[in-house]
Protein chains: 2
Amino acid sequence: MTGDAEPGAVDESPGGAADGGPDDSWAEVVPEAARRLLLAAVEAFAERGFHATTTRDIASRAGMSPAALYIHYRTKEELLHQISRIGHERSVRVLTEADDSATGAPERLAAAVRAFVRWHAERHTTARVVQYELGALAGDHYTEIVALRRRSEEILRGILADGVATGEFTVEDIRGTAVAVLSLCVDVARWFRTGGPRTPEEIGDLYAGLVLRMVGSPAAPGGGPGVAGRG
Amino acid sequence: MTGDAEPGAVDESPGGAADGGPDDSWAEVVPEAARRLLLAAVEAFAERGFHATTTRDIASRAGMSPAALYIHYRTKEELLHQISRIGHERSVRVLTEADDSATGAPERLAAAVRAFVRWHAERHTTARVVQYELGALAGDHYTEIVALRRRSEEILRGILADGVATGEFTVEDIRGTAVAVLSLCVDVARWFRTGGPRTPEEIGDLYAGLVLRMVGSPAAPGGGPGVAGRG
DNA sequence: GTCTATAGAGCGATAGAC
DNA sequence: GTCTATCGCTCTATAGAC
């Protein structure tokens, strides 16, 4: 697929993010000019929002003329669609891989939350666009992305249901709690600032602990229900 | 102040929201035409975002000509500023009054979260604009609103600190936990839909319970640390 | 594949009649 | 205080040279 990809295409072959390397390079977007434009769009959309960003601003950030954008993308919205699609695929993969990396519901939940939060803090520029500019997508693109988002909810609901089944979690409303946990993690992208008092790792650890407590897990730091306070 | 208020002014006299009546009528905004425009702007901004909303759309929703908007507001941004200011004052008041209505850190925390979440669900249209269109405010207006927002954080930090001092809460990072709790509550405005499976009251109750658990309170439903699981 | 130039549409805001 | 009409500008997207 490398070499003959059409402009703005995605190259999933080794060497890109697919091999587990740093995923903020957008290396899978080829050719290089399309990647530069996409990176410029991510920054502009995150800073000012989709509607307040002009195609001139994007092109200028990428060091190109206003017209150059239309060689690689049909419309401004297509640029947002690419960012949104790739970003959602990445965030769902982060969640899935963290879930698969651990055994036991509390360990899986902690790993998932830690990784998901870290991603939203470290990649907060991308995440802000991915999570908060959804509404600017065209109808069919919006539908496609919403389907991707549903995966995150299913993964989390699965972990909660498993923990309840084994008695490790005490959760009355699994669906509602899953929404709350996801909402908590996702919103990190809104308030996180690089150079703030906490690193993405620290926030990930803090949040993993908070969420274990939310689900009534005895594995929570400081001891969960029925564990701490004894003796 | 009633009667001779300049266009787009705010009337805090009895009969408006200040007396505890329903606060979505924006009754304190006078004259009536200014209120209709403001309500139309809230709906339009919530639906499409500030930058995607045209002044023609706002005026048309209010049943007026495009020019009528400028009799009551100097610019489109001033409309957002009014919404943002009044909305923030209301949400901070909801939080303050809930805090004052209860005694004891767990009770205060539960009341604050329940009321704050209920407000963000019930008034999700206003809340969406208030919480997610901040970035479109002009520089000095932005600074003013950020100062209002700080109050919410101080209130919450105060409750957490009190609970830690009395030993009712187990919280290592008060600042970080306060940010997390506020983030959780505020984000309700993003995902809440009228007609969904849960009422604002139900979400408020669910969230109050989740937050009590987050802070390690024994008053949490299902029993907190050192309470549930015994016997 | 990138440029300069510009078409064509829609925007925020204003002028002036009533 | 509200209207109709419109100014002046900026935007997305395209045309055509190189």
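Everything numeric here is computed off the predicted structure, so don't read it as measured data.
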Quick one: do [X] and [Y] make a salt bridge, cutoff under 4.0 Å?
X: B:E153; Y: B:R157; value: yes
X: A:D187; Y: B:R190; value: no
X: B:E89; Y: B:R93; value: no

Requested in this report: Would you kindly check whether a donor in the side chain of B:R56 faces an acceptor in the base of C:dG10, or vice versa, at under 3.5 angstrom?
Outcome: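 In this structure, the two groups form no donor-acceptor pair.
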Query - B:I71, nearest nucleotide to its side chain (from D:dG1, C:dG12, D:dC11) - result: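 Nearest to the side chain of B:I71 among the choices is D:dG1.
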Requested in this report: Please determine, for the side chain of A:A33, which listed nucleotide (C:dC11, C:dT2, D:dT2) has the closest atom?
Outcome: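 Ranking C:dC11, C:dT2, D:dT2 by closest atom to the A:A33 side chain puts C:dT2 first.
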Would you kindly give the [atom1]-to-[atom2] distance between [X] and [N], to the nearest whole Å?
X: A:E78; N: D:dT14; atom1: CD; atom2: C1'; result: 16 Å
X: A:D57; N: D:dT10; atom1: CG; atom2: P; result: 15 Å
X: A:R36; N: C:dT2; atom1: CZ; atom2: P; result: 7 Å
X: B:L80; N: C:dG12; atom1: CG; atom2: C1'; result: 15 Å
X: A:K76; N: D:dT14; atom1: NZ; atom2: C1'; result: 17 Å
X: A:H72; N: D:dA13; atom1: NE2; atom2: P; result: 16 Å
X: B:Y73; N: C:dG12; atom1: OH; atom2: C1'; result: 17 Å

**Report entry** Which residue lies more 5' along DNA chain D, comparing A:R74 with A:T54 via nearest heavy atoms
**Finding:**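 The residue whose closest nucleotide sits nearer the 5' end is A:T54.
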Query raised in the report: When you look at B:E78 and B:T75, which way does the side chain to side chain contact (heavy atoms under 4.5 Å, CB included) test go after all the steps?
Result: CA-CA 5 Å; B:E78 190 182 293; B:T75 64; 3.7 Å; yes
**Report entry** Check: A:S84 main-chain N/O paired with A:H88 side-chain donor or acceptor under 3.5 Å
**Finding:**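 A pair under 3.5 Å: yes.
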Report task. Kindly say whether A:V30 contributes a backbone atom to a donor-acceptor pair with the side chain of A:R35 at under 3.5 angstrom? Result ->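 No.
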Report task. Return the residues of residues 63-70 of chain B meeting this criterion: a heavy atom under 4.0 Å from some atom of DNA chain D. Order them by number, or give none. Result ->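 B:M64, B:S65, B:A67, B:A68, in order of number.
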Query raised in the report: OP1, OP2 of C:dC11 versus side-chain N and O of B:H51: anything below 4.0 Å?
Result: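 Indeed not, no polar side-chain atom of B:H51 lies that close.
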Query raised in the report: After noting the C-alpha distance and the side-chain angles of B:R149 and B:Q131, does the key distance pass the side chain to side chain contact (heavy atoms under 4.5 Å, CB included) rule?
Result: CA-CA 10 Å; B:R149 292 172 74 80; B:Q131 300 292 355; 2.9 Å; yes
